[in-house]
Amino acid sequence: MCSRPAGPYLCSRSIHCNQHQPTMSKEITSRADDYSQWYIDLVRKAGLADYSAVKGCMVIKPYGFSIWENMRDTLDKMFKDTGHTNAYFPLFIPKSFLSKEAAHVEGFAKECAVVTHYRLKNADDGSGVVVDPEAKLEEELIVRPTSETIIWNTYRDWIQSYRDLPLLINQWANVVRWEMRTRLFLRTAEFLWQEGHTAHATREEAIEETRKMLDVYATFAEEWMAMPVIKGVKTPNERFAGAEDTYCIEALMQDGKALQAGTSHFLGQNFAKAFDVKFSTNDNQLDYVWATSWGVSTRLMGALVMAHSDDEGLIIPPKLAPIHVVIVPIPKPLPELDEAATSIATELRARGIRVKIDTDDQNRPGYKFAEYEKIGIPVRLGLGARDLANGTIEVARRDNKTKESVPLAGLADHVEALLADIQRSMFERAKTYRDQHITSVDSWDEFVRVLDEQGGFVAAHWDGTTETEVAIKEATKATIRCIPLDNPQEDGVCVMTGKPSSQRVLFARAY
RNA sequence: CGGGGCGUAGCGCAGCCCGGUUAGCGCGUCUGCUUUGGGAGCAGAAGGUCGCGAGUUCGAAUCCCGCCGCCCCGACCA
């Protein structure tokens, strides 16, 4: 394994410490050739994740996990800042719990992994181990697809009085949904996420919480991921199983498909009633509590990739990049280079900038440049004898592939400003693309044409019925992504049925 | 569950149709030398239950039968 001194997260021996085998970005399929394959190539070859020995499950590799850690740590702080605390509930849920809320069981029944036995034994024919039929569980256990049931069963014991409210809890966990078809990060059988579960004394307060956490997600998506999102509410058909209202943030990927990046649910009293969670009000009445739940998952990793990256590799916004700056000494045998690189790194680190010095002397600079572009490090500093002589350094930014020579004096200020500029311009670029791909249409022909030729969001009138929504989906594969919050009211007629409508909703083909 | 593809060295592949020396090639790895401002060159070396099982044959990576696994497209769902 690598033994040389390493920068944060990655060793200097090789960019991929875990395999010593950087693959060439030449091998990344271009977006134009096959967007889907581009995504898969990128995820695997930039060291984010890989397929595992288990069908439908992925291995999140060290570099990918370090990005997720940055997401997780940022969100965790945001949750704490809004009054939430973390807790942990069991992976296993008694089967009977899941059936207590009718819509909920309906929504998840088809994709649950079930534990039926608790012991293996050696096969009689010596062929290996088999499930011991003697060890059948009295009550089967479901591997959580989400934790509402086990949590509300617990909340019943935690909540007696209005003084116990609000109860604001989050959990970081893995969940399992037995998907028929999977894609790295976007839909895997097991994934990592956080799920917030809160209890409130009033309907209004719970709705406020639902909206507040949606805002947290939107802020995170836009300010950290540099990914513009549309906040909205789901139609009844797209609503979370067991919710009264599902709010969401919807993002647009570079191929024109939408991606739901986070959801926040107002659960009403559905789970309180299902699990009998009542509290004494301050005027001594008994009432069911009001609930919310909200979550984002490792799916955000997929969103991050598809929102920004290019044919050369990943482009990661500075705020989430495991390494902000890589210094590549152009290795003439020159001790002053190492000294200069170290002193630059020290100066940058003093400002909280995450810096790696590439001390590897095996690979040539050109190779390194390509590798760092592939893994999306926002800023690369090239430092050679020529620079030392001139008192300059080459500064290359990943997002727009520009290079400039800047004076070493004042470099830290320059880099700090540059990182901020990259963060901002990545957002602007994505937002421009997104805004150019919201199209208002008023006829069915136009609706279909825009979906096929431009993609993106299509703002169209809809008669408000699930039947029409489903028919449109069957005809075009487009779904209603959301009804934007504060959506302007406007009279019109449904794009499919011609029935009256009071507002446009956003359709798109989606991940 | 349908349709398609794949399984041969760490990775990516050729060989299979038409059975026959010691199973090749590229990348990577190791050693040495020369290199180093956009993916280095030369020389040498290591590395293989050809997915698994059974069969046909003098002989199977190759043909037959069975099985397993993974990926992609669709159905389901986000």
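Throughout, protein chains are lettered first and strands after them, A, B, ... in sequence-line order, and every chain is numbered starting at 1. Please read all numbers here as calculations on a predicted model, not as lab measurements.
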### For B:rG28, the Watson-Crick or wobble partner whose two distances fall under 3.5 Å
none
#### Entry: Pairing partner (Watson-Crick or G-U wobble, both distances under 3.5 angstrom) of B:rA46
none
Distance between [atom1] atoms of [N] and [M] (Å, rounded):
N: B:rC42; M: B:rC58; atom1: P; value: 48 Å
N: B:rU21; M: B:rG59; atom1: P; value: 15 Å
N: B:rA40; M: B:rC27; atom1: P; value: 12 Å
N: B:rU62; M: B:rG19; atom1: P; value: 12 Å
N: B:rG32; M: B:rC68; atom1: C1'; value: 46 Å
N: B:rG28; M: B:rG20; atom1: C1'; value: 33 Å
N: B:rA61; M: B:rA23; atom1: P; value: 10 Å

#### Entry: Minimum-distance nucleotide (side-chain atoms of A:I330 versus B:rG37, B:rC77, B:rA75)
B:rG37
Touch class at under 4.0 angstrom, heavy-atom based, for [X] against every strand present:
X: A:S36; value: sugar-phosphate
X: A:I40; value: sugar-phosphate
X: A:E179; value: base
X: A:R481; value: nothing

### Message
B:rA75, OP1 or OP2 - any side-chain N/O from A:K477 closer than 4.0 Å?
### Response
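Yes, within the criterion.
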### Query
Quick one: is A:R364 getting a side-chain N or O under 4.0 Å of the B:rA40 phosphate, OP1 or OP2?
yes
#### Entry: Contact pattern, 5' to 3', of nucleotides 2-7 of chain B - B, S or - by protein heavy atom under 4.0 Å
------
Atom [atom1] of [X] to atom [atom2] of [N]: distance rounded to whole Å?
X: A:K110; N: B:rC1; atom1: NZ; atom2: P; result: 17 Å
X: A:D361; N: B:rU36; atom1: CG; atom2: P; result: 14 Å
X: A:D360; N: B:rA40; atom1: CG; atom2: C1'; result: 14 Å

### Query
Which value, rounded to the nearest 0.5 Å, describes the distance between A:H437 atom NE2 and A:R434 atom CZ?
12.0 Å
### Message
What verdict does the side-chain contact (heavy atoms from CB on, under 4.5 Å) test give for A:E373 and A:R398, after you've listed the backbone C-alpha separation in whole Å, the side-chain angles of each residue and the deciding distance to 0.1 Å?
### Response
CA-CA 6 Å; A:E373 277 158 15; A:R398 174 63 182 95; 3.8 Å; yes
Just the atom pairs and distances: protein N or O near nucleotides 67-70 of chain B's N or O, under 3.5 Å.
{"residue": "B:rC70", "atom": "OP1", "partner": "A:K55", "partner atom": "N", "Å": "3.3"}

### Task
Please tell me which of A:A510 and A:G366 maps to the more 5' nucleotide of RNA chain B, matching each residue to the nucleotide holding its nearest heavy atom.
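Upstream on the strand: A:G366.
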### Message
Ignoring hydrogens and geometry beyond distance, is the side chain of A:E312 in donor-acceptor contact with the base of B:rG38 at under 3.5 Å?
### Response
no
